[in-house]
Amino acid sequence: MYIFDSVKKEKREFIPLQEGKVTLYVCGPTVYDNAHLGHAKSALVFDLLTRILNANGLNVVYARNITDIDDKIIKKAAVQNKDIKEITEFYTNEFYKEMESIGVARPNIEPKATESLNAMFEMIQRLIDAGHAYTTQDGDIYFDTKSDSDYLTLSKRVQDEGDKQERVKSSTLKKNPADFALWKSVKDDTLTFESPFGSGRPGWHLECSAMIEKHLAQPQLAFGVDIHGGGADLLFPHHENEAAQTRCSSNHELANYWMHNGFVNINGEKMSKSLGNSFFLKDALKEYDGEVVRFYLLSTHYRSNFNFNTEDLATAKKRLDKIYRLKKRLFGLALHSDTTEFQNNLLEALNDDMNISTALALIDEMISNANEILDTAGKHKALKKETLSNLAYIEKILGFGVKNPFEYFQFGIDEEAKSAIATLIKQRNTAKEEKNFEESDRLREEILSFGVTLMDTPSGTFWEKI
RNA sequence: GGUGCCAUCGCCAAGUGGUAAGGCCGCAGCCUGCAAAGCUGCUAUCCCCAGUUCAAAUCUGGGUGGCACCUCCA
């Protein structure tokens with residue numbers, strides 16, 4: 001398998017630190033609001049990565065954190081006049097539910113900042129002892145970026161002392177504008193923790209380093225984890241700072257491979273609070289099955305910038321529909337076959353830095369071939385076996401086609417409408433038997449008004465949500 | 001201002017030295033009572049200019065046009 005390492009900026013063959021095992025850490029959400037499409041994209045990308053690694057016979061230990069200590073959370077709690085914990089628990093659950101709806105499996109480990117404080121304290125102490133951190137007069141503790149000669153080697157930024165730094169009105173007590181907080185001494189009591197350094201709260205960058213050390217790292221290895229991932233915006237300063245913390249407090253570098261997924265834009269613009277164009281996952285899920293959203297967000301290479309729009313989402317649905325129609329065609333059959341050439345090719349494509357486009361092209365080709373043969377030789381048992389096996393493989397490795405195909409095509413149609421449609425179909429079939437096509441066409445128009453389409457097949461008349 | 005990324009058919013999107021995958025849309029046909037679905041066929045020389053090479057969408061240089069990060073951010 002090959003992975004593009006966004007720090008070395010090249011595609012590298014993936015060789016795990018320990019044979020047969022992979023440690024993966026991905027920066028998770030700060031739980032103060034619902035997940036937007038960007039969160040979904042990131043979760044989806046690393047869900048896919050995990051599946052591919054598994055398919056290669058590797059045992060993946062995947063950790064994704066929940067940041068439940070943050071100024072934004074405090075603000076939200078204040079605005080809504082709610083308890084901090086109420087906010088974080090609510091949005092953590094929302095996150096889990098939303099991720100589940102797009103087929104993202106839960107990571108093995110989901111550490112929370114509030115549950116990892118001791119690990120952070122230990123790391124701060126070691127940084128202080130080693131001369132990499134200092135305490136200011138007002139009790140804040142900063143990482144001394146000047147003390148790390150490898151600082152900025154990750155993002156390959158040029159240290160500039162110039163006026164650029166001036167625009168950030170940071171604490172004048174910092175030795176260097178680039179220094180970042182490990183511990184913020186806070187006097188208010190909204191969200192503070194007792195520590196050996198007094199009361200306050202930890203800096204954001206610290207939690208990831210500490211969690212990796214606590215849950216995934218082994219001191220004897222050259223890196224804390226095999227793969228560290230996150231959104232492209234995290235490379236600097238977040239990952240740069242994480243890397244510095246780990247480098248200076250332990251005897252190894254943080255990660256062997258770095259992976260950063262591209263951004264999701266809305267109509268060509270970055271999603272942001274200030275632009276007011278955030279697109280929440282839950283809104284997309286009102287219109288489309290979660291798997292359609294999954295398919296759409298995954299259908300473009302993970303490193304590319306992704307421009308979200310509803311037209312392309314609808315197009316993605318049409319492509320996913322083809323998988324489900326083939327599944328519907330073979331519904332109820334329980335046949336098995338050995339690994340097929342298609343499956344080998346699919347994995348090979350995904351092993352090349354997750355080349356999803358090639359993978360989807362292979363799937364389309366497989367579907368076409370299967371449909372063609374099924375059209376002409378309906379009793380082709382060997383092909384059916386092979387096709388079912390291929391569909392099962394697609395489900396497992398990509399998470400496409402996991403639902404009951406009939407239910408999939410009925411997304412958004414309520415029970416009342418369903419029974420009404422069923423009645424009308426019966427009436428129409430009667431009319432058809434009587435060769436009363438005028439009446440059957442009239443009934444079809446009536447059925448279509450439910451926003452569905454009809455298909456007459458040898459095994460009966462079916463409808464699908466358009 | 002600094003750093004980096006990108007520019008391929010109407011739209012989405014692979015390919016990164018060997019002569020342009022795939023999907024959507026469109027057109028023609030098969031199938032169908034008619035449809036829908038499915039199937040078949042058809043549709044680009046890769047932003048511009050110059051260079052390297054037997055050979056470039058792919059490498060180099062120069063343009064033009066987008067975008068991202070440098071501040072919390074997936």
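A note on names: the letters A, B, ... follow the listed sequences, proteins ahead of strands, and every chain is numbered from 1.
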Quiz item: What does C59(B) pair with, Watson-Crick or G-U, if both distances are under 3.5 Å?
Solution: G51(B)
Quiz item: Rounded to the nearest Å, what distance is computed from the NE2 atom of residue His228(A) to the P atom of nucleotide A74(B)?
Solution: 12 Å
Exercise. Quickly work out the Met354(A) CE to G15(B) P distance and round it to whole Å.
Key: 13 Å
Quiz item: Are the aromatic ring centres of Phe308(A) and Phe279(A) under 6.0 angstrom apart?
Solution: yes
Quiz item: Does Thr457(A) place a side-chain N or O at less than 4.0 Å from the phosphate oxygens OP1/OP2 of U32(B)?
Solution: no
Exercise. May I ask which nucleotide in the shown strands pairs with C34(B), Watson-Crick or G-U wobble, both distances under 3.5 Å?
Key: none
Quiz item: From A74(B), C70(B), A13(B), pick the nucleotide closest to the side chain of Thr300(A)?
Solution: A13(B)
Quiz item: Given atom CD of Glu98(A) and atom P of A74(B), what is their separation to the nearest angstrom?
Solution: 14 Å
Quiz prompt | Nucleotide of C12(B), C70(B), A37(B) approaching Met455(A) most closely (side-chain heavy atoms) | solution = A37(B)
Practice problem: Check salt bridge (charged side-chain N to carboxylate O under 4.0 Å, His left out) between Glu439(A) and all other residues, then give those that pass, not counting sequence neighbours. | Solution: Arg442(A)
Quiz item: Between C42(B) and G51(B), how far is it from one P atom to the other, in whole Å?
Solution: 37 Å
Exercise. Output all residues satisfying ring-ring contact (aromatic ring centres under 6.0 Å, His included) with Phe400(A), sequence neighbours left out; order by chain, then residue number.
Key: Phe295(A)
Exercise. Mind checking Gly231(A) for me? I need base, sugar-phosphate or nothing, with any heavy atom below 4.0 Å counting as a touch.
Key: sugar-phosphate
Exercise. Assign the ring pair Phe406(A) / Phe331(A) to parallel, tilted or perpendicular, where the plane angle (0 to 90°) is split at 30° and 60°.
Key: perpendicular
Exercise. Using Watson-Crick or G-U wobble geometry with both distances below 3.5 Å, tell me the partner of C69(B), or none.
Key: G2(B)
Quiz prompt | For Phe409(A), all residues meeting ring-ring contact (aromatic ring centres under 6.0 Å, His included), sequence neighbours excluded | solution = none
Self-check item: Separation of atom CG in Asn261(A) from atom C1' in C5(B), rounded to whole Å
Solution: 15 Å
Practice problem: May I ask you to say what Ser299(A) touches in the nucleic acid, namely base, sugar-phosphate or nothing, with a heavy-atom cut-off under 4.0 Å? | Solution: nothing
Self-check item: Complementary nucleotide for A7(B) - Watson-Crick or wobble, under 3.5 Å
Solution: U64(B)
Practice problem: Using the C1' atom on both, measure A57(B) against A14(B) and round to a whole Å. | Solution: 12 Å
Quiz item: Out of G38(B), G15(B), A74(B), which has the shortest distance to the side chain of Arg329(A)?
Solution: G38(B)
Quiz prompt | Gap in Å between the two P atoms, one belonging to G61(B) and one to C6(B), rounded | solution = 14 Å
Exercise. Check whether any side-chain N or O of Arg325(A) sits under 4.0 Å from OP1 or OP2 of G38(B), and answer yes or no.
Key: yes
Quiz item: Asn265(A) has an atom CG; how far is it from atom P of A74(B), in whole Å?
Solution: 15 Å
Quiz item: Under 3.5 Å, is there a donor-acceptor pair between the Glu110(A) and Asn65(A) side chains?
Solution: no
Exercise. Please list, by residue number, the residues of residues 428-445 of chain A whose heavy atoms come closer than 4.0 Å to an atom of RNA chain B; answer none if no residue qualifies.
Key: Arg428(A), Lys432(A), Phe437(A), Ser440(A), Asp441(A), Arg444(A)
Quiz item: Can you name the residues that form a ring-ring contact (aromatic ring centres under 6.0 Å, His included) with Phe306(A), not counting sequence neighbours?
Solution: Tyr296(A)
Quiz item: Centre of Tyr32(A)'s six-membered ring, under 6.0 Å away, within 45 degrees of the axis: is that where NZ or CZ of Lys72(A) sits?
Solution: yes
Practice problem: Could I get the full list of side chain to side chain contact (heavy atoms under 4.5 Å, CB included) partners for Ile466(A), not counting sequence neighbours? | Solution: Thr453(A)
Exercise. Starting from P on A68(B), measure out to CD1 on Ile266(A) and report it in whole angstrom.
Key: 13 Å
Quiz item: Counting distance only, does the side-chain N/O of Tyr25(A) pair as donor-acceptor with the main-chain N or O of Ala255(A) below 3.5 Å?
Solution: no
Quiz item: For Trp463(A), what residues pass the ring-ring contact (aromatic ring centres under 6.0 Å, His included) criterion, not counting sequence neighbours?
Solution: none
Quiz item: What is the base-pairing partner of A28(B), counting Watson-Crick and G-U wobble geometry with both distances under 3.5 Å?
Solution: U40(B)
Quiz item: Which listed nucleotide (A74(B), U40(B), G2(B)) is nearest to the side chain of Met271(A)?
Solution: A74(B)
Heteroatom pairs (N/O) under 3.5 angstrom, protein to nucleotides 21-23 of chain B:
{"from": "G22(B)", "atom 1": "O2'", "to": "Arg319(A)", "atom 2": "NH2", "distance (Å)": "2.8"}
{"from": "G22(B)", "atom 1": "O2'", "to": "Asp364(A)", "atom 2": "OD2", "distance (Å)": "2.7"}
{"from": "G23(B)", "atom 1": "O4'", "to": "Arg319(A)", "atom 2": "NE", "distance (Å)": "3.3"}
{"from": "G23(B)", "atom 1": "O4'", "to": "Arg319(A)", "atom 2": "NH2", "distance (Å)": "3.3"}

Quiz item: Just checking Val264(A): base, sugar-phosphate only, or nothing, at a heavy-atom cut-off of under 4.0 Å?
Solution: base
Quiz prompt | Separation of the P atoms in C31(B) and C25(B), to the nearest angstrom | solution = 22 Å
Self-check item: Residue pairs fulfilling salt bridge (Lys or Arg N to Asp or Glu O under 4.0 Å) with at least one residue in residues 34-50 of chain A, sequence neighbours excluded
Solution: Asp47(A)-Arg51(A), Asp47(A)-Arg294(A)
Quiz item: With sequence neighbours left out, which residue pairs that include part of residues 354-367 of chain A fulfil the salt bridge (Lys or Arg N to Asp or Glu O under 4.0 Å) condition?
Solution: Arg319(A)-Asp364(A)
Self-check item: d(CD1, Ile466(A); P, C24(B)) in whole Å
Solution: 17 Å
Quiz item: Do the side-chain N or O atoms of Asn305(A) get closer than 4.0 angstrom to the phosphate oxygens (OP1, OP2) of C67(B)?
Solution: no
Quiz prompt | Rounded distance in Å between the C1' positions of A56(B) and C47(B) | solution = 16 Å
Quiz item: Expressed as a whole number of Å, how far does the C1' atom of A44(B) sit from that of U52(B)?
Solution: 26 Å
Practice problem: In whole angstrom, give me the gap between the C1' atoms of G23(B) and G62(B). | Solution: 36 Å
Sort me out a list of protein N/O and nucleotides 8-10 of chain B N/O pairs below 3.5 Å, or just none if empty.
none

Quiz item: Looking across every strand, which nucleic acid part, if any, lies under 4.0 Å from Leu454(A) by heavy atom: base, sugar-phosphate, or nothing?
Solution: base
Quiz item: Has the side chain of Asp233(A) got a donor or acceptor atom sitting under 3.5 Å from an opposite partner on the base of C70(B)?
Solution: no
Quiz item: NA contact type, Asp456(A), heavy-atom cut-off 4.0 Å: base, sugar-phosphate, or nothing?
Solution: base
Hey, can you pull the donor-acceptor pairs under 3.5 Å for the side chains in residues 422-429 of chain A, sequence neighbours left out?
{"from": "Thr423(A)", "atom 1": "OG1", "to": "Ser419(A)", "atom 2": "O", "distance (Å)": "2.9"}
{"from": "Arg428(A)", "atom 1": "NE", "to": "Ser440(A)", "atom 2": "O", "distance (Å)": "3.4"}
{"from": "Arg428(A)", "atom 1": "NH1", "to": "Asp456(A)", "atom 2": "OD1", "distance (Å)": "3.1"}
{"from": "Arg428(A)", "atom 1": "NH2", "to": "Asp456(A)", "atom 2": "OD2", "distance (Å)": "2.9"}
{"from": "Asn429(A)", "atom 1": "OD1", "to": "Thr461(A)", "atom 2": "OG1", "distance (Å)": "3.3"}

Exercise. Would you state whether a donor and an acceptor, one from the side chain of His260(A) and one from the base of A74(B), lie under 3.5 Å apart?
Key: no
Practice problem: Give the rounded distance in Å between these two atoms: CZ of Phe406(A) and C1' of A37(B). | Solution: 13 Å
Quiz item: Want to settle it: does Glu372(A) or Gly262(A) sit nearer the 5' end of RNA chain B, counting the closest nucleotide to each?
Solution: Glu372(A)
Quiz item: Does Phe180(A) have its ring centroid less than 6.0 Å away from the ring centroid of His205(A)?
Solution: yes
